[in-house]
Amino acid sequence: MYWYNPANRTSERVKAPSDDTQAIEMLAGTPDSVEFVKEYCELRRSGAPIERALVLVGHEFRLRQPEYQLTLR
């Protein structure tokens, strides 16, 4: 899977997790992880598959980065 990892702020290609526990571990490790996990859980509850939920979380948090917002203006 190719995604923007919000925990380390880089785009990367990784093996897709096989369950929610592995996905949540991928989002852990930063002060913002609670927000990442909350967003992930909301997407999963709405029916998004694991891989899509992770990609969407990464995309959402990338768009919030100040350096990315400057490019959009």
Side-chain angles (χ1 to χ4, degrees):
M1 137 181 126
Y2 187 75
W3 76 313
Y4 177 80
N5 183 336
N8 65 22
R9 296 183 178 190
T10 61
S11 294
E12 61 186 10
R13 187 170 304 280
V14 296
K15 183 178 176 190
S18 58
D19 60 30
D20 289 318
T21 301
Q22 289 177 351
I24 290 169
E25 287 173 1
M26 292 172 71
L27 297 169
T30 72
D32 297 322
S33 291
V34 172
E35 283 187 73
F36 305 154
V37 172
K38 180 181 174 186
E39 181 73 21
Y40 172 81
C41 290
E42 288 176 15
L43 288 164
R44 291 289 287 146
R45 273 193 294 276
S46 72
I50 293 169
E51 186 173 340
R52 184 177 309 148
L54 278 174
V55 170
L56 290 172
V57 167
H59 181 69
E60 172 71 24
F61 284 90
R62 182 176 187 183
L63 291 175
R64 293 184 189 179
Q65 298 302 310
E67 61 271 14
Y68 189 77
Q69 290 177 358
L70 289 174
T71 312
L72 293 175
R73 290 184 187 172

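Scope of the values below: all heavy atoms of this structure, side chains included, with no hydrogens, waters or symmetry mates.
Under a hydrophobic-cluster definition in which Ile, Leu, Val, Met, Phe, Trp and Tyr are linked whenever side-chain heavy atoms come within less than 4.5 Å, directly or via other members, Ile24 and Met1 are assigned to the same cluster. Both Met26 and Val55 are assigned to one and the same hydrophobic cluster, defined by single-linkage of ILVMFWY side chains at heavy-atom distances under 4.5 Å.
Under the rule for a salt bridge (charged side-chain N to carboxylate O under 4.0 Å, His left out), the partners of Glu60 that lie at least two apart in sequence or sit in another chain are Arg64. Residues passing the side chain to side chain contact (heavy atoms under 4.5 Å, CB included) test with Ser46: none are found, sequence neighbours excluded. The side-chain hydrogen bond (donor to acceptor under 3.5 Å, both in side chains) search around Asp32 returns none, not counting sequence neighbours. When the side-chain hydrogen bond (donor to acceptor under 3.5 Å, both in side chains) test is applied to Glu51, no partner is found at least two apart in sequence or on another chain. For Ser18, the side chain to side chain contact (heavy atoms under 4.5 Å, CB included) criterion is met by Gln22, not counting sequence neighbours. A search for ring pair (Phe, Tyr, Trp, His ring centres under 6.0 Å) contacts involving Phe36 returns Phe61, not counting sequence neighbours.
Counting only residues at least two apart or in different chains, salt bridge (Lys or Arg N to Asp or Glu O under 4.0 Å) contacts with residues 10-20 comprise Asp20-Arg44.
Summarising the geometry, atom OH belonging to Tyr40 is positioned 4.5 Å from atom CD1 belonging to Ile50; distances are rounded to the nearest 0.5 Å. How far CZ of Arg9 is from CG of Asn5: 11.0 Å, rounded to the nearest 0.5 Å.
The two residues Ala7 and Leu27 have their closest heavy-atom pair at CB-O, 4.1 Å. Of all heavy-atom pairs between Leu54 and Trp3, the closest is O-CE3, 3.4 Å.
At a threshold of 4.5 Å between non-hydrogen side-chain atoms, the residues Pro6 and Arg62 do not count as touching.
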